[in-house]
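Report on the structure given below.
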Amino acid sequence: MGEEETLSSGVAKLGTSSNEEVETSSGERMRVERASGVGELRAIKAWEELELSESKKKQLLQGVYGARFDKPFMIQEAAVPLILEGFSAKPRVCLLAQAKSGSGKTAAFVLGMLHNVDLKVAAPQAVCVCPTRELAQQNASVCRDIGKTLIETEGLEVDVVVRAGGGDRRAEQRESRRQTTAHVVVGTPGKFLEKIRLKRLDVGRVTTLVLDEADEMDAKGLRETTREIRDALPRDLQVLCFSATYTLDGIRDIEKSVFKGHPCDKIFVETKDDDRVGPRDDKVVTMVDQILHVWVDATQHPQGKDGVVEDIFDLLQAQQAYIFVNTRDQARNAQRLLQSKGFSTVVLTGSGKSQTDGMTADQRDQAMADFRDGKIKVMITTNVLSRGIDVTGVNIVINYDLPVDFETQQADVETYVHRVGRTGRAGARGFAINLINPRTADLANLERIETYCFGKQNPPFSKILKLPDATDVEAIKDMAKKHLLLKQQDQQQQQQQQQQQQPNDVS
Ligand SMILES: Nc1ncnc2c1ncn2[C@@H]1O[C@H](COP(=O)(O)OP(=O)(O)OP(=O)(O)O)[C@@H](O)[C@H]1O
C-alpha cells in the first residue's frame, strides 16, 4: 500500500485479499488475515472515519478526545473498524489481535464494547474477562473514561465483578449475590463464573465477549473457567481476543474452543526490527523497541542482587519502577530488606486462599492506589502485575528474578515480554535490568528470552546488553539516564512538531 493512497483516500485501503501485510509510516508492520467471504479491509487514520452509529457517534468521539487520544494508534486503526463490521455481520465475526505492550489495545476493545451495546436494553451485553483484579479495575476505568458522555447522557452502566474488599466472607457472599445488570461488565473469571452459576449475572443478552490477555485466559489455570464462561454465553457472540503474545497452538485452541467455528479476523503487529510479521517458530511474540534491555552479573556484588538494587535505588525512584520477583516470599523479603535501609516501597502479590496466605483485596487495592498516585515510587511484585497494567510514570523494570515456568524452570518468554512491557508504553522509552546469577540456569534462560524476543543473534545477548560490573553503579545509572533522557528529547520534538502545526490548523 502506498502512502499516497492513504492520504488521497482518507480511509486507508489495506487490501482485499484474505492475507495482507502492511507497512505504516512509523515503520511498523501489520499482517491482517480476514475471515473468508468478508469485504474490503479498512483502516482509519482519524476517529471521525469510524462508521459509528448515529445514536452514539458524538458521545464516543467526545469520549476518545476527552481521554486525550487525538489520533488512533496503529492497532486501533485496524481493529476498531473490524470489530464494528464484524459485529453487524451474520454470523458475527470474531477478532484475534496481537500488538505490542502499551500500544493501545484496551481502547480498541473498549470502543467496540461501548458501540456494540444497545442502551435501551437493561441487561449485560458486553463482558470483558481479565486475568487479575487490578487489570479488571483498570479496564473498567477506561470504559468509564471513554464512555463518560454515554454514562452522563444515555444511561450507560459499567460494572466490575471482582472479589470483595474487606476480606471477610460475608462481604464476599454479598458481592457474589449482588445482581449485575450493567450493560458492560468487566471482571475476573472466578467471580464471573460464580455470578453466572448463582444467576446473579444474566448472560442471555450478551453479544460481545472480550478476553483481555487472551493467551493467559486460555492457558492452564484459567482455561477451564474461561471456557465455562464462554459456554454459558449465547452462541451468536462476537469474541474479541487481545494480547501481545500467543503461541500457535494457543491460537488454534482459541479458534476451536472460544470462537467455536465462528469466522474470525486476525491482526498481528510487529516491531521495526523484526524480519517477519506474524508467528515465529511456535510463538507470536512482539517486543517494544524503545526499551533498552541490560543484564548484570549480580554475583559480582558483595551483597548480590539486594546490593545492586540498594545501590541504584535513587535511580528507581527518580520516576517509578517495578521490581519483579518470582514468589510472594521473595517479594516480602525484598521489601523488608529495602525498608530496613529506609527505602520506601510497596508490595503487591496475589490473594491466597486464606487471609494469611497472600494479600487481601483491600490491601491490593491500597497498594495499587499508592503506586498509581505516585505516592510510592517502587513497586515490588510478582507476575500478578506483569500483564496489562498501565502506570504512565514507570520507566524502569527490574527482573530481580528472570521469569521462569515453575514446572520446567525454563525461561517464560511471554512473561518477560509482558513484564518489561510495563515500561516503554505509548511510544515512551523504558529501561529493563535483568539481575543474573551465572551459576544457575539464568544465562541459558536469558539466551532463550533473547532468541524468542529478537530472533537468533550472533553473538548472543547482543540485544540484551551486558553491563560491565555489578559494582559499577555509575555505569548502570549512566546507561539508564542516557537512554531515558532520549525520552525527554522525544517529547520536546513532539511538542515542537505540534507547535509548528498549530498556525496551519488555525489558518
Ligand atoms: N490513541 C491514543 N492516543 C494517545 N494515547 C493512547 C491512545 N490509545 C491508548 N493510549 C494510551 O496508551 C497507553 C497504553 O495503552 P493500553 O494500556 O491500552 O496498552 P495495551 O496495548 O493494552 O498494553 P498491554 O499489552 O500492556 O496490555 C495508555 O496509557 C493509554 O491511555
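Excluded from the calculations below are hydrogen atoms, water molecules and symmetry mates; all remaining heavy atoms, backbone and side chain alike, are included. Whatever order the structure lists them in is the order used to number ligands and atoms, beginning at 1.
Applying the salt bridge (charged side-chain N to carboxylate O under 4.0 Å, His left out) definition to pairs two or more places apart or across chains, none involves residues 55-68.
Between the side chains of Asn395 and Arg429, not a single donor N or O lies within less than 3.5 Å of an accepting N or O. Residues Arg364 and Ser351 bring a donor and an acceptor atom of their side chains to less than 3.5 Å of each other.
Remark: Gln320 engages no residue in a side-chain hydrogen bond (donor to acceptor under 3.5 Å, both in side chains) (not counting sequence neighbours). Scored by the side-chain hydrogen bond (donor to acceptor under 3.5 Å, both in side chains) test, Gln290 finds no partners at all (sequence neighbours excluded).
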Show me a pair-per-line table, with atom names and distances to 0.1 Å, of protein N or O atoms that are under 3.5 Å from an N or O of ligand 1.
from, atom 1, to, atom 2, distance (Å)
ligand 1, 1 (N), Lys71, O, 2.8
ligand 1, 1 (N), Gln76, OE1, 3.0
ligand 1, 8 (N), Gln76, NE2, 2.8
ligand 1, 17 (O), Arg425, NH2, 3.0
ligand 1, 18 (O), Lys105, N, 3.4
ligand 1, 18 (O), Thr106, N, 3.1
ligand 1, 18 (O), Thr106, OG1, 2.7
ligand 1, 19 (O), Gly104, N, 3.3
ligand 1, 19 (O), Arg425, NH2, 3.3
ligand 1, 21 (O), Ser103, N, 3.0
ligand 1, 21 (O), Gly104, N, 3.1
ligand 1, 21 (O), Lys105, N, 3.0
ligand 1, 21 (O), Lys105, NZ, 2.8
ligand 1, 22 (O), Thr106, OG1, 3.1
ligand 1, 23 (O), Gly102, N, 2.7
ligand 1, 23 (O), Arg425, NH2, 3.1
ligand 1, 25 (O), Lys105, NZ, 2.7
ligand 1, 26 (O), Arg422, NH1, 2.9
ligand 1, 26 (O), Arg422, NH2, 2.9
ligand 1, 26 (O), Arg425, NH1, 2.8
ligand 1, 26 (O), Arg425, NH2, 3.2
ligand 1, 27 (O), Glu213, OE2, 3.4
ligand 1, 29 (O), Asp390, OD1, 3.3
ligand 1, 29 (O), Asp390, OD2, 2.6

Next on the checklist: Using the rule given for salt bridge (Lys or Arg N to Asp or Glu O under 4.0 Å), can you reason through Arg387 versus Asp215, listing the C-alpha separation, both sets of side-chain angles and the distance that settles it, and then say yes or no?
Outcome noted: CA-CA 11 Å; Arg387 284 174 175 256; Asp215 57 325; 2.9 Å; yes

